[in-house]
Amino acid sequence: MSVKVNDFSIHVATVNGSGSQSSNNVLMRAIFRMGIPVSGKNLFPSNIQGLPTWFTVRVSADGWTARRVETEILVCMNDQTYVDDVKALPQGAIVIHHDHMNIASIRNDVTSIPVPFSKIIAEACPEPRLRKLAVNMVYVGVLAEYLKITDEAIELAMAQQFKGKAKVIDLNRAAIQAGRAFAKGSQSAAPFPYKVESMNKTQGKILIEGNAAAGLGSVFSGCGFVSWYPITPSTSLVDYFSEYAEKYRVDQKTGQKNFAVVQAEDELAAIGMVLGSSWMGARAMTATSGPGISLMAEFAGFAYFAEVPAVVWDIQRIGPSTGLPTRTSQGDVSFAATLSHGDTKHICLYPGTVEECFTMAGTAFDLAEHFQTPVFVLSDLDLGMNFYMSDPFKYPDQSLNRGKVLTDADQEKLASSGRYVDVDGDGVPYRTLPGLKDRRGVFFTRGSGHNAKAVYTEKGTDYVEQMNRLSRKFETARNHVPKPLLEGSGKNKIGFIAYGSSHEGMREAIHILQNDLKVSVDYLRVRGFPFHQEVLEFIQSHERVFVVEQNRDGQLLSLLKNEPLLVRELPKIESILHYEGFPLPASFVIENYKRLTSGQKSAAA
Amino acid sequence: MSVKVNDFSIHVATVNGSGSQSSNNVLMRAIFRMGIPVSGKNLFPSNIQGLPTWFTVRVSADGWTARRVETEILVCMNDQTYVDDVKALPQGAIVIHHDHMNIASIRNDVTSIPVPFSKIIAEACPEPRLRKLAVNMVYVGVLAEYLKITDEAIELAMAQQFKGKAKVIDLNRAAIQAGRAFAKGSQSAAPFPYKVESMNKTQGKILIEGNAAAGLGSVFSGCGFVSWYPITPSTSLVDYFSEYAEKYRVDQKTGQKNFAVVQAEDELAAIGMVLGSSWMGARAMTATSGPGISLMAEFAGFAYFAEVPAVVWDIQRIGPSTGLPTRTSQGDVSFAATLSHGDTKHICLYPGTVEECFTMAGTAFDLAEHFQTPVFVLSDLDLGMNFYMSDPFKYPDQSLNRGKVLTDADQEKLASSGRYVDVDGDGVPYRTLPGLKDRRGVFFTRGSGHNAKAVYTEKGTDYVEQMNRLSRKFETARNHVPKPLLEGSGKNKIGFIAYGSSHEGMREAIHILQNDLKVSVDYLRVRGFPFHQEVLEFIQSHERVFVVEQNRDGQLLSLLKNEPLLVRELPKIESILHYEGFPLPASFVIENYKRLTSGQKSAAA
Amino acid sequence: MVTPNRVGLTKKDYFGSASTLCTGCGHDSVTLHLISSFYEMEVEPHQVAKFSGIGCSSKTPAYFLSGSHGFNAVHGRMPSVATGAAMSNRSMMNIAVSGDGDTASIGMGQFVHIIRRNVPLLYIIENNGVYGLTKGQFSATSDKGSLQKKGEINTLESIDLCLLALELGCGYVGRSFSGDAKQMVPLIKGGLSHKGTAVLDVISPCITFNNHEGSTKSYKFVKDHDQAIHEIGFVPSYTPLDVDYDHGTTKVIDLPNGSHLTLKKIDRDYDPTNRQAAFEVLHRARSEGALLTGLFYINPDTVPFQDVMKLAETPLVQLSLSELRPSKSALDEVMESLK
Amino acid sequence: MVTPNRVGLTKKDYFGSASTLCTGCGHDSVTLHLISSFYEMEVEPHQVAKFSGIGCSSKTPAYFLSGSHGFNAVHGRMPSVATGAAMSNRSMMNIAVSGDGDTASIGMGQFVHIIRRNVPLLYIIENNGVYGLTKGQFSATSDKGSLQKKGEINTLESIDLCLLALELGCGYVGRSFSGDAKQMVPLIKGGLSHKGTAVLDVISPCITFNNHEGSTKSYKFVKDHDQAIHEIGFVPSYTPLDVDYDHGTTKVIDLPNGSHLTLKKIDRDYDPTNRQAAFEVLHRARSEGALLTGLFYINPDTVPFQDVMKLAETPLVQLSLSELRPSKSALDEVMESLK
Ligand SMILES: Cc1ncc(C[n+]2csc(CCOP(=O)(O)OP(=O)(O)O)c2C)c(N)n1
Ligand SMILES: Cc1ncc(C[n+]2csc(CCOP(=O)(O)OP(=O)(O)O)c2C)c(N)n1
Ligand code: SF4
Ligand code: SF4
Ligand SMILES: [Mg+2]
Ligand SMILES: [Mg+2]
């Protein structure tokens, strides 16, 4: 058996709250530090301690970072799950496990490497109460030895993970070395079939979660006010915002902040505060997940109708209801797009990479302020809470688009316009901010009927006029949202459409189609709603289109179906839907592609 | 000019809170009592006193009860609006007005009949503080005289309106007689061009608002628990429920009630109480309007996922947001159908007549209990708050469908089944109620992940299994919702689809198309979602389909677009959308039909 | 009316659009008192932000200070909007008007939490014991035993919003009657001068749905039962305090903006800086069915939410891009740490 | 454990599924106390309905009485569900478990209103001062000055749920500590025997996120500061009351189901039927930073919501169609009136 280099996955099964997060991060970062592309997917329970959790490290010289279903190496630290975990392995996999687990009694087509973890840690860690945490470092050591991860890389990873805390590092180092020692002693004659070899493919790259990127992006795009109510998996976005803002947006002398983060009493209050802040003129945002989106429904309609900017990050998790709070999903796509009663439509963004989480933080504010409307940024648990490799983010040096705001200086416009007048023919009116002295520009913001001058009205004609302008405004937004991104020549007959965190799986699937199945396809990644012109054209110009989504009901497709330009195109569009809560693997796309096209082929044959 | 009999409209413009509601009801009921089909549309402001309000009485020997845009007789009691009101009249209309209003200065192609209302009422009503209210009865008297409404009919109407209160009736009678006397004295030689003549077309019929019918229907279908938060235009539904329940569901001896109506602190609490009650095993419902639907979003998803019955009446008004609270709309159709984050779908009913408000109250409970899911009944302000003529409602003598509920007696099923097991292959599981002794049937209801046995789980496969079963359940519901109703042979090329309160306008429009424009069309009234098989077939079997809705975005059509069977049919479907907040008039349908077909004709020519 | 105040504005400059409430509605009197207060306090309208929810009462902000921006939020959720606004522009003077339905039912959660955060604003509840705009249902402040227009008896205990505010640590708590200009105007001015959340529960009768015999929120009932705990006056910062106050009978309270409240004894000694005493007096009144009005409690040393949150003195909305966006080197530093 | 009680059930019959909370979490102790209470009260599990919201605390109902139906609602909105359930089947005994986040933040509105309605249920707040399930943010009951695990100081005033419940007219208000079985069990039994809403605020430390030095909700802090106001005992209806009670030191309170609470004096005289005294004692304790536990207030004569609403004795869910649907002649009468 030859040795596979820099191309395999490690699946670590542990118990939640046992400190395995640090070990896994050290493992992943050490490989990254050796210049090898790597990604980590954390599958954790909705619980603080005791329930099973898994972490998958994918090592890929070619830089594929999507989740893989197959695992080459399994580490079993969890008594509750190891039987099932072992059963799920492909043939020939390697199992590193507690020595009290009898792997052979489960399967004999996998390689069992029993490790006396308890014994090793008892020796390596003098303090009993620390052993429960440190034991996880032992498997890092075992793996490091087998896989040839260098001590230097481990040290760098530890320094970063433990922020240089020497005592903690010493403790963990001891555990790792003990693991290494064990592996060295027990290594068989045959070489371990997987190993890493230094490369330079991560040079200059960063490893970051989408929520960190989004929080950072918000700090750098002038966000002044954040209100939110904690909810998995959105909480870390606000935590990162606070962390970076506390560092870079506090007056060094006075200790005063030029931002505020308010933990609201619930999501209704969170979005309410955001509206109050945006109305005052600050850039304001909130972050939440499904249940919070439901609770924001009433205010979302208010903001749409009264035309108040707001940025809402929805880090999607599995619904309906509480659902599976720690599983990923794209299940709020259609709900967010028309959130609230009555006729409403909201601008939505679909970041697909951590870099886009960073840049779209700014785009969202620009669009919200330009169009004076809420903007929903639909990320998800996979993108938000897992680590992705990326080029460092570019400093955003363009100025902010604060939209059409009139001040006391704008005498002419104040005289001629009115709050809801379509002066420019693009459906986007001019607004003013509280504090304006010129009474001609002072108005009352309300969710009840108002005419172009912002005066209360119950006249049907005024209402229709305003609603039609809102439609026009939305139409204007179509070509202001980020364009879709095309991969492929654009001239193929088959087109795939996907969005958000499906990107990594899609990239890889397209590659496999092209290289292994020899099928040339185009792949368009949609990045915003309303759909950019080019999305419609892509569908029009392809013979067959697959829309890949992570929900049951084909939600993005249901939005596409409302596009008048597409009424004749629908018969050629099919859904590929993945909704079991784990990140989309390329293999799922391939399998479904085969399934959907096989009938066709045989029909053609 | 010939005299038009039993076919005209009277438009009364008054001030809100001035008591004109009683006068208008007496006017309408008196005509009804003469055996002539009549309908009344109340256009009132979102205010208690002082803002303009209008009431339109349509007299139609042929029984057309939809709103008409044209008015033959205008009564001007409101100084604020009479100029605009007069301007909006068709040529030749008659204006009965306060004598201080100068109609001639506005138009001279209408007939002005000045009436010294203040003087008349001062004489007829000795008590000054009652005059403000009673003055409105004067125009009833004037109209009665001109139109030949009999005193007998007026007396019957007053007896009903004022529930036999002699003093009030005397006062109002005096005002009416004074009006009559004035009209008699001032009648010109030429006969008044409109009049009523007794017929027998209202014999045995009732006049009722949809909300009264719905409240009554709920009382008669075993509803035990109602919780709601007041909101126009749904409040009267609960008021009527209470009124009838207080009368017929209270123990005469003990004064104890076998129902409870709880005014909640908001709509989140209202739906929460309903779920608690349904879960316990009672038939429970709430009534609300748009903003309440938004606030119920989170619990709606819970009920869908945890499978708890609930009946929610949405008496739609114009949104988004507070919108125009006293104007009618069908703007919540798509929002209610998929209310909540995540993949959700809800059964919806669309009553189109007052009789259906009565019967669907029961159907809603049957479906909610049978399918263990929330059912949204989408009525609207027009249907809910205006008076319609109807045959008396039939006593519902069939038993209730309480769905698949296991009790301690169901030993076998309790042993073999589980809360969320698809025992019967229809996606509908068996539930049990609190109080069950048999522990095999005791379960925990949660909005988080659960497997077929109702045990907490985070397993992707369990989740997918449950979500797919929910889809199957929804598919089963398709042919359990009320069938659509067809008018026409079904063999025409052109088909119209409409629903809810559009029915009256549609009926008339179809008649006009057939009789005046000589176009034969079919008209299908959709009554539920998911769409019954026959809805899909109707579309498939027509060459051109118009979907008539009272919203901006063509919401029902957007739901139709998700039907796999219709993907090839969409190009032939067009929307006719009326959303200015007034009830749909037939003329709007005709105009739009002409507009949409004129291009075609000329193209064909 | 036509005399300009020291910022050059006449009373008319403090008007709003014409009221569409019922003739005789208590809320319209509150509007008048607000107009007088702002005019007399010489506030420039553009420095004021107005907030409300939904209800007849919540329409009030449209009827005063048309020179101020106003935000008519959704039902019961105004406090959150006001919080976001106050945090974003701390230079504004904030006035919020709500109803008993808007506050004590659907708005209870947000009411509690705005007080807890001590967001600087004067929060007036135009309390009529009913839902006016939806035609007269009982609200949560309707007294037990009070009669509805159609004769129904309220069977639930009322919520006393002053006691609740006190319990939650509110630093300015008062009650008044819409018909009592003399008491209301100084209470409003004091509330507007306060640094944190000021709650003013104003009995403001609904003439259409709750002004009948048997109602405890009718004009007649309130007039018959209203007992002021002191005679309250407001002395603006630019007027020297009268040195002749009898300190035995008149208490003077210094407000943060240099103005003062004067509280003249009526029947009893009452110290509104004694929170415990406020509880006692109000609990006693409640159990006796007495209707007390006046300033129950004031804590002039309260710390507003912006200071609790260490917010910069400059309002957030006045910060420039260069202040809001950290430097390139900051981003570089972050990127470096992620490598 | 294996001794059956008089309804033939052993303690094990009152267990639920295995807890998935952190080892040492205070909530698991509350679970044990609940199991003991139901077992000792000899309640048949099928006669109990369990309710909760969302949070670690709200998972509790899964861990006791697996023979009872339970409803794990959405976050903060459990009181409404319990209200609807209680109205529909008045024969059930209702137990609700919530957290401080679930109750005092998102759930504040519903908490206030269930108390106001006096819906019969025992409402336990497992109060740890943080949001456990979302990893340790401060909750609204976190004391001002208390430290977060990462060192952040809480800058806002806490909400005292007992004082709030008292203010809202709650007829059974107590506080305890999850570690104090001796106090908690009688408090639970008393609450379950109460006719209206009973509120029990239980300090239940979060071992993972709020058990450090500087936290006022840690095991250590609570143990060091806990002052019981009396020694409480529960005497079931079938056990004759000990005639030897010293009436000078022990108060006996009769509960509606024939059982009794006995309150033995510790340091001070305390009469839990005196609402005013409860306010005073609790306000004083709050200002002194003292942590009192015990039964602060009880009103045994409280009227439950079902009676306020004149609900039939027979639970609604037990009514047959013929009782629920009025006769044909009733409909005819209505139709006649509409002609
Ligand atoms: C979410 C929502 N629910 C219900 C309503 C209907 N509604 C409008 S005002 C109001 C009550 C107002 O009562 P209150 O705040 O006391 O004001 P008042 O009219 O008595 O001054 C209600 C229930 C609404 N607008 N929004
Ligand atoms: C609408 C909604 N928002 C947010 C959340 C996330 N969430 C789950 S539990 C919780 C707080 C729980 O705190 P607490 O009630 O004190 O319970 P504890 O875990 O501390 O016992 C939050 C915010 C949610 N589930 N639903
Ligand atoms: S209904 Fe009542 S509260 Fe509303 S405006 Fe009229 S009097 Fe005022
Ligand atoms: S996180 Fe805290 S509250 Fe949650 S289970 Fe662990 S110890 Fe208990
Ligand atoms: Mg009110
Ligand atoms: Mg907690």
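Since the model is a prediction, treat every value here as computed from it, not as a measurement. First the proteins, then the strands, lettered A, B, ... as listed; each starts at 1.
- Of the listed residues (A:A260, A:A269, A:A245, A:C223), the one with the most heavy-atom contacts under 4.5 Å to chain C is A:A269.
- Scanning residues 71-85 of chain C against chain A with a 4.5 Å heavy-atom cutoff picks out C:F71, C:N72, C:A73, C:V74, C:H75, C:R77, C:S80, C:V81, C:T83, C:G84, C:A85, ordered by number.
- Put simply, the side chain of C:R325 gets close to the backbone of A:P396: a donor and an acceptor are under 3.5 Å apart.
- If you tally non-hydrogen atom pairs under 4.5 Å between each of A:Y244, A:Y456, A:F299, A:F225 and chain C, the highest count goes to A:F299.
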So C:H113 and A:D266, side-chain contact (heavy atoms from CB on, under 4.5 Å) or not? Walk me through it. CA-CA 10 Å; C:H113 285 278; A:D266 65 10; over 6 Å; no
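- Of the two parts of C:Q110, the backbone and the side chain both hold a non-hydrogen atom closer than 4.5 Å to a non-hydrogen atom of chain A.
- Taking the side chain as every heavy atom from C-beta outward, A:D438 and C:H46 never approach each other to under 4.5 Å.
- Shown here are the side chain to side chain donor-acceptor pair (under 3.5 Å) partners of C:E313, two or more places apart in sequence or in another chain: A:Q256.
- Interface remark: C:L316 contributes side-chain atoms only to the contact with chain A (heavy atom separation under 4.5 Å).
- A:F259 places none of its side-chain heavy atoms less than 4.5 Å from the side chain of C:L311.
- Two residues are said to be in side-chain contact when any heavy atoms from C-beta on lie closer than 4.5 Å; C:V317 and A:M280 meet this criterion.
- For the options A:K205, A:R402, A:M389, heavy-atom pairs under 4.5 Å to chain C are most numerous at A:K205.
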Does A:Y248 form a side-chain contact (heavy atoms from CB on, under 4.5 Å) with C:V334? I'd like the steps, not just the answer. CA-CA 10 Å; A:Y248 298 114; C:V334 175; 3.4 Å; yes
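- Ring-centre distance between A:F443 and C:H69: below the 6.0 Å cut-off.
- Between C:K310 and A:E246 there is no salt bridge, since none of the side-chain N atoms of the basic residue sits less than 4.0 Å from a carboxylate O of the acidic one.
- Proximity to chain A (any heavy atom under 4.5 Å) is shown, for C:M309, by both the backbone and the side chain.
- With a 4.5 Å cut-off on side-chain heavy atoms, C:S66 and A:V442 do not count as touching.
- Electrostatic pairing of C:E44 and A:K437 does not count as a salt bridge here, judged by no charged N lying under 4.0 Å from a carboxylate O.
- Using a 4.5 Å cut-off on side-chain heavy atoms (C-beta onward), C:L331 and A:L216 make contact.
- Open room surrounds NZ on C:K135; 12 or fewer heavy atoms of other groups in view lie less than 6.0 Å from it.
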Could you go through the side-chain contact (heavy atoms from CB on, under 4.5 Å) check for A:Y395 and C:D332 one step at a time? CA-CA 8 Å; A:Y395 187 70; C:D332 290 343; 6.0 Å; no
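- By the 6.0 Å contact criterion, CD on A:Q203 is open, its count of non-hydrogen atoms from other residues, nucleotides or ligands being 12 or less.
- At a threshold of 4.5 Å between non-hydrogen side-chain atoms, the residues C:D13 and A:R439 count as touching.
- Only the backbone of C:S337 has a heavy atom closer than 4.5 Å to any heavy atom of chain A.
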